[in-house]
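Shown next, in structure tokens, is the structure this report addresses.
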Amino acid sequence: MAKEGKQGYVEHITSREEDFSQWYTDVIKKSELVDYSDVKGCMVIRPYGYGIWENIQKEMDGRFKATGHKNAYFPLFIPESLLAKEIEHVEGFAPEVAWVTHGGNEKLQERLVVRPTSETIICSMYAKWIQSYRDLPVLINQWCNVVRWEKSTRPFLRTSEFLWQEGHTAHLDYEEAQEETLKMLGVYEEFARNVLAIPVLVGKKSEKEKFAGAQSTYTMEAMMQDGKALQMGTSHNLGEHFAKVFDIQYLAKDGKLKYVNQTSWGTSTRMIGGIIMVHGDERGLMLPPKVAPIQVTIIPIAMHKEGVLDKAREVFSELQNAGFRVELDDRETQSAGWKFNECELKGVPVRLEIGPRDIANGQVFACRRDTLEKQALPLQGLAESVKELIEDIHVSMLEKAEKMRDERIFTATNFEEFTKGIVEDKGFVKAMWCEERECEDQIKEKTGATTRCMPFEQEQLSDVCVHCGRPAKSLTYFARAY
RNA sequence: CGGGGUGUAGCGCAGUCUGGUAGCGCACGUGCUUUGGGAGCAUGGGGCCGGAGGUUCGAAUCCUCUCACCCCGACCA
């Protein structure tokens with residue numbers, strides 16, 4: 001933010017309290033994460049924004065390798081007949097698929113859909129690949145783009161085209177598939193916490209909210225600073241459903257022909273939207289150090305003075321060799337103050353200032369993005385202190401997000417409390433629920449909230465269903481959602 | 001698809017009510033001085049006012065029709 005009365009400030013960001021939605025739009029544009037394209041609902045991810053995605057990919061892919069998954073690639077186009085094989089699935093996605101009707105000037109015999117997800121094309125291949133129990137499990141992931149022709153769109157949160165990873169596995173039986181489903185949900189949860197510094201709620205989706213064609217869907221839900229929920233990842237146990245449709249059978253040890261049990265799980269560029277809405281503040285982005293494209297920016301002060309630039313370059317090399325993603329901002333065209341503000345807008349975790357005064361004292365001046373606290377760090381052992389600083393930033397960002405989330409989770413044992421939690425306090429509400437669809441619809445209509453997830457650890461809050469008076473079955477989180 | 005808004009320089013806007021041939025801030029070019037929280041002075045370049053039609057001597061401004069985008073809802077990672 002600019003100082004009052006100071007001429008020449010560049011960016012103004014709408015206050016979060018004033019208009020969270022506008023704040024979000026301002027931040028992503030002004031920090032150069034994305035731009036709007038000419039095609040409605042498609043975003044241009046600029047290099048700085050893509051850098052976050054690259055780091056997410058790297059971190060997550062490492063985890064997939066550790067759990068034995070391999071990457072592969074399947075086609076962008078899916079023949080209509082293939083998609084249409086699974087009726088529940090096609091009904092779930094039909095309203096939002098993009099069709100290819102022509103190849104060059106010729107009309108195609110059969111229309112193609114641009115994949116909204118790849119279950120069908122992958123299953124059709126699995127049917128060929130899997131013959132025996134010896135071929136199982138199949139553990140494959142793909143990084144790709146998918147297209148869903150959404151009616152209304154928002155950068156990162158809901159775009160016509162988005163980047164994601166989708167894991168597709170095939171297993172011997174239901175139990176093994178279930179284990180895989182929960183294992184990958186666990187991987188996502190750990191990733192969100194340890195990489196994105198976002199604490200999530202995990203649990204099961206209601207029948208209404210579950211994936212088209214899945215036996216059961218599990219989710220991780222994060223709370224944004226305006227109290228709305230963002231689904232940041234899902235993991236589905238598909239059971240034998242797709243196997244029966246696509247005829248994926250194997251010969252078991254006992255000589256019987258059996259259907260495989262499958263899972264699929266995915267996370268997308270939506271997570272970047274989550275990072276922005278969980279951590280950002282009045283100055284702009286605040287990136288968790290593990291995904292920040294630039295972890296440290298070095299800003300030389302009074303660059304023209306003897307030795308300043310040399311020392312800055314020295315520090316740059318030292319940190320780079322120590323493995324940090326570091327940038328030396330030696331542009332002569334911008335003033336130091338301008339660079340400070342830009343760093344904050346773009347959410348760089350650590351800013352180092354090096355000026356004549358610091359050099360004389362054998363130190364650099366460090367400012368951390370999360371608290372904006374400044375401290376002098378001795379040049380001696382700098383890489384180590386920066387490492388500690390960065391680790392500390394991650395921890396304190398996570399703690400802050402955790403506090404923010406917990407403060408806005410309310411418990412309701414009747415509908416008055418429920419409405420208050422959703423409408424007035426604008427948060428998540430924990431309540432007992434009868435698991436009836438009708439009840440879910442009424443809640444949506446009256447409060448705007450949807451069921452987010454049913455947690456694994458069940459506790460008994462009240463015997464009365466929150467709304468409709470039928471016997472309560474499950475503890476459930478409700479919230480408005482993005 | 002409903003409800004609300006906005007289209008004027010690269011970005012953000014004023015001007016529209018009450019028609020008179022387009023202005024401000026930032027950004028950009030050049031020169032000098034600056035550089036520890038968005039620098040200063042001087043000087044310069046850039047717009048057929050979203051599009052089409054109409055009214056008028058004259059339209060950014062009034063009328064009609066269109067197109068695009070944004071926000072809030074219904075649908076979704």
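Each chain gets a letter, A, B and so on, in the order the sequences are listed, and its residues count up from 1.
- Rounded to whole Å, atom C1' of B:A27 lies 16 Å from atom CG of A:Asn341.
- If you check distances only, the side chain of A:Arg351 does reach the base of B:G37 with a donor-acceptor pair under 3.5 Å.
- Ring-centre distance between A:His168 and A:Phe74: not below the 6.0 Å cut-off.
- Judged by atom type and distance alone, A:Ser268 reaches the base of B:A77 through a side-chain donor-acceptor pair under 3.5 Å.
- Residue contacts for A:Gly266: at a heavy-atom cut-off of 4.0 Å it reaches no nucleic acid atom on any strand shown.
- Rounded to whole Å, the separation between the P atoms of B:A52 and B:U61 comes to 12 Å.
- Among the protein residues, A:Glu342 comes within range of the nucleic acid bases, having at least one heavy atom under 4.0 Å from a base atom.
- Distances shorter than 4.0 Å separate some side-chain N or O of A:Arg154 from OP1 or OP2 on B:C71.
- Taking the C1' atoms as reference points, B:G5 lies 42 Å from B:A42, given to the whole Å.
- Counting any heavy atom pair closer than 4.0 Å across all strands shown, A:Pro95 reaches no nucleic acid atom.
- Residue-to-nucleotide contacts include a donor-acceptor pair under 3.5 Å from the side chain of A:Glu344 to the base of B:G37.
- At the heavy-atom level, A:Phe162 lies under 4.0 Å from base atoms of the strands shown.
- Ring centroid separation for the pair A:Tyr482 and A:Tyr24 does not come in under the 6.0 Å cut-off.
- If you check distances only, the side chain of A:Lys374 never reaches the base of B:G36 with a donor-acceptor pair under 3.5 Å.
- Comparing the same atom, C1', in B:A59 and in B:C49 gives a spacing of 11 Å after rounding to whole Å.
- A salt bridge does not link A:Asp358 to A:Lys311: none of the charged nitrogens lies less than 4.0 Å from a carboxylate oxygen.
- Note: CD (A:Glu150) to P (B:C75) measures 12 Å, nearest angstrom.
- Base pairing of B:C17: no nucleotide in any strand meets the Watson-Crick or G-U wobble criterion (both distances under 3.5 Å).
- Residue A:Arg158 places a side-chain atom within donor-acceptor reach of the base of B:C76, judged by atom type and a 3.5 Å distance cut-off alone.
- Listed nucleotides: B:G38, B:A74, B:U35. Nearest to the side chain of A:Lys444: B:A74.
- Remark: B:C48 base-pairs with no nucleotide; criterion is Watson-Crick or G-U wobble with both hydrogen-bond distances under 3.5 Å.
- Salt-bridge formation is not detected for the pair A:Glu189/A:Arg193: no Lys NZ or Arg NE/NH1/NH2 atom is positioned less than 4.0 Å from an Asp or Glu carboxylate oxygen.
- Taking atom CH2 of A:Trp338 as the reference point, atom P of B:G38 lies 13 Å away to the nearest angstrom.
- The side chain of A:Ser21 places an N or O atom within less than 4.0 Å of a non-bridging phosphate oxygen (OP1 or OP2) of B:C72.
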Review point. So A:Glu96 and A:Glu150, side chain to side chain contact (heavy atoms under 4.5 Å, CB included) or not? Walk me through it.
Key: CA-CA 6 Å; A:Glu96 53 185 52; A:Glu150 302 287 354; 4.0 Å; yes
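- If you check every strand for non-hydrogen atoms under 4.0 Å, A:Glu353 touches a base.
- At the heavy-atom level, A:Ile299 lies nowhere under 4.0 Å from the strands shown.
- Residue contacts shown for A:Thr159 include a base, since a base heavy atom lies under 4.0 Å away.
- Between A:Phe418 and A:Phe415, the distance from one ring center to the other falls under 6.0 angstrom.
- Nucleotide B:G25 is matched to B:C11 when pairs are restricted to Watson-Crick or G-U wobble geometry with both distances under 3.5 angstrom.
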